[in-house]
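Remarks on the structure that follows.
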Amino acid sequence: NSTTVGSYLASRLEEIGLKHYFAVPGDYNLVLLDKLLENKNLKMISCCNELNAGYAADGYCRATGGASAVFVTYSVGGLSLLNAVAGAYAEDLPMIAVSGGPNTNSEAEFEMLHHTLGLLDYDYQRDIFSKVTAEAVTIHDPREAPTQIDHAIQTALRFRKPVYIEIACNIADAVTSAPNVRSFGGPTASDPLSLNAAVDRAVELLNAATKPVLVAGVKLRSFGAEANFQKLADASGYAIASMPNAKGFFNEQHPHYMGIYWGPVGTPGCGEIVDSSDLCLFAGGTFTDYTTTGHAALINPAKVIQARPNSVVFPNQTFSNVKLTEFLELLAKKLKPNDGSMIAYNRIKEEVTPLRPGAPETELSTRQLFSRIQQMLSPDSAVIAETGDSWFNGMQLDLPEGARFEVQMQYGSIGWSVGATLGYSVGAPDRRPIALIGDGSFQLTAQEVSTIIRYGLKPIIFLINNGGYTIEVEIHDGPYNTIKNWNYAELVHVFNAEDGNGFSCKAHTEGELEEAIKQATAHDGPALIEVLIHRDDCSKDLLVWGGHVAKNNGRPPRVR
Ligand SMILES: Cc1ncc(Cn2nnc(CCOP(=O)(O)OP(=O)(O)O)c2C)c(N)n1
Ligand SMILES: [Mg+2]
């Protein structure tokens, strides 16, 4: 029996668990969107622009732990979406980017087309997307659609990477085979010999260590290994740390959790224990200039085991085709418990004394703001921290068990958080996201707040108005770090127009913040609190981190 190409794609998206997709229409994808709308089990979320639709699809992956889909028109849409897809690649998110494409006859007829470069080559968008995806296919022949679509979807799920599917505008409603039964698996299994050898080697080294530690890394989430890591943590008795881009992937209320491992700006006492340990197992970690604070973290490769998504790397040995989930799971069964690192940590850990609130008329400080946000957190919170001082302030939040934390620290494309908050809210309706967004970042993608209002989503957005690009100021200042101030709170009323339900207000003082949070929390809809912070009031950690990153950026060119 048969169906159409668009309906085939829709039924496969439904089959892999999607309930929503994000879209911006254009004449290359209108018929395709019509076919998608026929599928009543998928809901279209219409976005203001393709970049934000991509950021929303990014947030949707984070909220659901699964895939997401975004639909755009050719070239003018696709090339705007591109940056969000590159971000999904960097962050290991299985986003399915679908673009309408030129009529299958156009190239053969030497037809010049609108929205294109004015050349007679119409493969350029797929070619560009092939650089930021694990697979990029163009569907011209409806008979090949099932094969191409299934292959692209399977690739996204197996490698946890975005894929690109281009569907010619006159093919979307062409007849093709109905979808036949099959499963769409995730990452493949390990090579058993390699897995057992890697585990045995790890057991041998870790059991011989005096104060080994475990560190949770960012890839735990994308490769579905959070639960396996938790089992290993419980079985080992080791002290545990999380890297900054893995915050929340390990339960921060666990008795052996030390905090964030981020070199000189990590949780006090945590870095010292990791750096002085005689053997550290990093599970899914990434060691970039940002996650090591300009390489100021004192990681000694001779004392590190890296459990990666598809391999385990010891100081002088690598075992390939070993899956992270299976390695952690098997190791948990074989490891000898050892609380040496926990004893060491308990000797030096510092008790954090909560900040005492000032008088209500006290001018708001970053520290007071975040100590107040801390009190809002609950197990169903999801904190979304934008690139900026929000990384550092957000990192210090103490997450209740079950609360989630999202950062885009690998790609760090400012403005991501607005679309990501939209997508996360759609993907996790049982959570109330709390977004921490700087004024500079917000100015790139502000209009997606109107989509949050349009669909009645209910995140609470803290818009931190400190007058500019403070994170850049602390790395390297210049006139380019100052931005034009907006009346951010007023923008919500602009987006509400006559039928929106967005709440917003400004807070200059601790008393106003208290009132704002009370009203926002009580409001049954989206809320934006614009907090006014002094331009130089940033976290101490940003000052330290900025200095190290600037120094690392400034390394002189090597000349022979
Ligand atoms: C798309 C994109 N364009 C430029 C940059 C560089 N950049 N990184 N952070 C910033 C400034 C962020 O400023 P805000 O959001 O106001 O954050 P804070 O003031 O640090 O709280 C820039 C301009 C970037 N990271 N991503
Ligand atoms: Mg700012």
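Start at 1 with the first residue, then count along the sequence. Atoms within a ligand are numbered from 1 in the order they appear, just like the ligands themselves. None of these values were measured; they are calculated from a predicted model.
Closest to atom 15 (O) of ligand 1, if we only count protein heavy atoms, is Ser441 OG, 2.6 Å. Nearest protein neighbour of atom 11 (C) of ligand 1, counting heavy atoms only, is Tyr469 CD2, 3.3 Å. When only non-hydrogen protein atoms are considered, atom 3 (N) of ligand 1 lies nearest to Ile414 CG1, 3.8 Å. Looking only at heavy atoms of the protein, atom 17 (O) of ligand 1 is closest to Gly388 CA, 3.7 Å. Among protein heavy atoms, atom 14 (P) of ligand 1 sits closest to Gly440 N, 3.6 Å. For atom 20 (O) of ligand 1, the closest non-hydrogen atom on the protein side is Ile471 N, 2.8 Å.
Atoms of ligand 1 found under 4.0 Å from any heavy atom of Asp439, numbered from 1 in the order shown, are 16 (O). Each of the following atoms of ligand 1 lies closer than 4.0 Å to a heavy atom of Gly412: 24 (C), 25 (N), 26 (N). Near Ser413, with a cut-off below 4.0 Å to any heavy atom, the atoms of ligand 1 are 1 (C), 26 (N). Per-residue contacts place Thr470 under 4.0 angstrom from the following atoms of ligand 1 (heavy atoms of the residue considered): 18 (P), 19 (O), 20 (O).
Taking each heavy atom of Ala90 and Gln410 in turn, the nearest pair found is O-CG, 3.4 Å. Closest of all the heavy-atom pairs between Arg535 and Asp477 is NH2-OD2, 3.8 Å.
Two rings, from His114 and Tyr28, have their centers less than 6.0 Å apart. Aromatic rings from Trp262 and Phe392 are positioned such that their centres are separated by under 6.0 Å.
Using a 30° and 60° split on the angle between ring planes, Tyr290 and Trp545 fall in the perpendicular class, above 60°.
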Could you walk me through whether Phe229 and Phe249 pass the ring pair (Phe, Tyr, Trp, His ring centres under 6.0 Å) test, one step at a time? CA-CA 9 Å; Phe229 183 83; Phe249 295 176; over 10 Å; no
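Polar contact check, Glu472 against ligand 1: a nitrogen or oxygen pair lies under 3.5 Å apart.
Residue contacts with ligand 1, taken as heavy atom pairs separated by less than 4.0 Å, involve Asn466 solely via side-chain atoms from C-beta onward.
Side-chain contact between Leu436 and Val383: present, with at least one pair of heavy atoms (C-beta onward) separated by less than 4.5 Å. In this structure, Phe71 and Ile165 have side chains that are not in contact, with every pair of non-hydrogen atoms separated by 4.5 Å or more. For the pair Phe442/Val418, a side-chain contact is recorded, criterion being any heavy-atom separation below 4.5 Å from C-beta on.
Under the salt bridge (Lys or Arg N to Asp or Glu O under 4.0 Å) criterion, the residue pairs touching residues 452-468 are Lys458-Asp524, with sequence neighbours excluded.
For the Mg ion (ligand 2), the count of nearby protein N, O or S atoms, meaning those under 2.8 Å away, is 3.
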